[in-house]
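Each remark here refers to the structure printed beneath this line.
If you're wondering where the values come from, they're calculated on a predicted model, not measured in any experiment.
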Amino acid sequence: LAGLLLVLVNQHTKPLIDAYKAEQLKLAVYEVLPGTDRYDTYYLVDDTLSLSLPEGVKESDYKRIYVSYNADNQLHGVAMSRGESGFQDIIMVIFGLSPDTGKLMGMKVLDSKETPGLGDKIFKDLPWVAQFFNSPDTPLIPIKPGTGKGLPGEIDTITGSTISTKKVIEIINNGIEEWKP
């Protein structure tokens, strides 16, 4: 009886949870690509970008990027999401990139189970997050606060959350390298 109840609750709540996650992802694309008027989702199908998926396949099985356009319908930026293991669990990040300059346009942590009070600063420490919206050059370079040499891709880490902050930077750098070709 308990198992049946769990299945019924899951069947009822899963579509609601999936719809909520889709809405949060949509909002995140606009957040990491400031100035975006609209965007299209492209899927990587057989090493080719496509606006649609083959018939009968699961969307979650395909990598995707979000190509944004400004009000004049000109290419504005590209957003991509990526997850990798952090200190505790998978950290899921979405970030925006200017294809013209290679500069980062923004970053948002979509999902993280990092240590409360320490690792969760990767999304709660607003001055740290703001660094990703200051158009840093890529690849990003993690540095200890106050030790920077003025290089354009330097991002200060957070004392006490060094592993998590370095991991976010690594996720972004790996995502750019993966999609560069």
Side-chain angles (χ1 to χ4, degrees), residues 1-114 119-120 122-123 129 132-133 138-140 164 167-181:
L1 186 60
L4 177 63
L5 184 60
L6 284 173
V7 168
L8 292 175
V9 168
N10 183 53
Q11 286 179 340
H12 174 70
T13 58
K14 184 163 178 21
L16 299 172
I17 292 169
D18 290 344
Y20 175 77
K21 284 183 179 181
E23 181 62 26
Q24 292 304 306
L25 178 63
K26 179 181 178 183
L27 294 172
V29 170
Y30 286 105
E31 185 176 335
V32 301
L33 295 169
T36 293
D37 190 57
R38 68 173 188 85
Y39 73 89
D40 292 323
T41 303
Y42 284 85
Y43 301 94
L44 187 62
V45 180
D46 298 327
D47 295 327
T48 307
L49 291 178
S50 173
L51 281 169
S52 60
L53 289 170
E55 194 73 27
V57 299
K58 284 177 48 179
E59 181 181 20
S60 60
D61 290 341
Y62 289 85
K63 295 179 183 178
R64 69 200 76 162
I65 59 171
Y66 309 94
V67 178
S68 73
Y69 304 91
N70 61 21
D72 297 329
N73 215 25
Q74 301 294 318
L75 178 64
H76 177 66
V78 178
M80 53 203 84
S81 62
R82 182 177 177 89
E84 292 183 18
S85 294
F87 183 71
Q88 295 284 350
D89 199 1
I90 301 294
I91 300 173
M92 183 63 74
V93 173
I94 187 167
F95 57 95
L97 189 69
S98 169
D100 296 332
T101 64
K103 292 180 181 277
L104 203 64
M105 297 174 73
M107 179 280 303
K108 180 177 178 105
V109 176
L110 294 173
D111 190 32
S112 169
K113 294 175 183 58
E114 296 298 281
D120 66 356
I122 60 175
F123 56 89
V129 172
F132 296 91
F133 289 87
T138 56
L140 302 175
S164 299
K167 185 45 96 170
V168 168
I169 292 167
E170 184 180 319
I171 290 169
I172 292 169
N173 287 338
N174 290 344
I176 292 169
E177 281 303 311
E178 177 183 21
W179 281 97
K180 217 180 234 183

Worksheet item: Is there a donor-acceptor pair under 3.5 Å between the side chain of Asn70 and the backbone N or O of His76?
Response: no
Response to the item:
Taken in chain and number order and not counting sequence neighbours, the residues that satisfy side-chain contact (heavy atoms from CB on, under 4.5 Å) with Pro99 are Leu75, Val78
Worksheet item: Sequence neighbours excluded, which residues qualify as side-chain contact (heavy atoms from CB on, under 4.5 Å) partners of Glu55?
Response: none
Item to complete: Give every residue pair that meets the salt bridge (charged side-chain N to carboxylate O under 4.0 Å, His left out) criterion with at least one member in residues 61-83, sequence neighbours excluded.
Response: Glu59-Arg64, Lys63-Glu178, Arg82-Glu84, Arg82-Glu178
Discussion item. Enumerate the salt bridge (charged side-chain N to carboxylate O under 4.0 Å, His left out) contacts for residues 21-31, please, sequence neighbours excluded, ordered by first and then second residue.
Written reply: Glu31-Lys108
Which value, rounded to the nearest 0.5 Å, describes the distance between [X] atom [atom1] and [Y] atom [atom2]?
X	Y	atom1	atom2	answer
Gln24	Ile94	CD	CD1	11.5 Å
Met80	Ile171	CE	CD1	13.5 Å
Lys103	Ser98	NZ	OG	9.0 Å
Leu1	Leu6	CG	CG	10.0 Å

Can you find a heavy atom in the side chain of [X] that is under 4.5 Å from one in the side chain of [Y]?
X	Y	answer
Leu44	Trp179	yes
Val45	Pro54	yes
Asp111	Ile90	no

Return the minimal non-hydrogen interatomic distance between [X] and [Y], and the atom names on each side.
X	Y	value
Ile91	Ser112	CG1-OG, 4.4 Å
Ala79	Val32	CB-CG2, 4.0 Å
Gly102	Thr138	O-OG1, 2.6 Å
Leu33	Gly96	CD2-CA, 3.6 Å
Ala71	Asp37	N-CB, 3.6 Å
Phe133	Pro34	CD2-CG, 4.3 Å

Worksheet item: Which pairs count as ring pair (Phe, Tyr, Trp, His ring centres under 6.0 Å) when at least one residue sits in residues 35-61, sequence neighbours excluded?
Response: Tyr30-Tyr39, Tyr39-Tyr66
Discussion item. For Arg38, give me all partners under side chain to side chain donor-acceptor pair (under 3.5 Å), at least two apart in sequence or on another chain.
Written reply: Asp40, Asn73
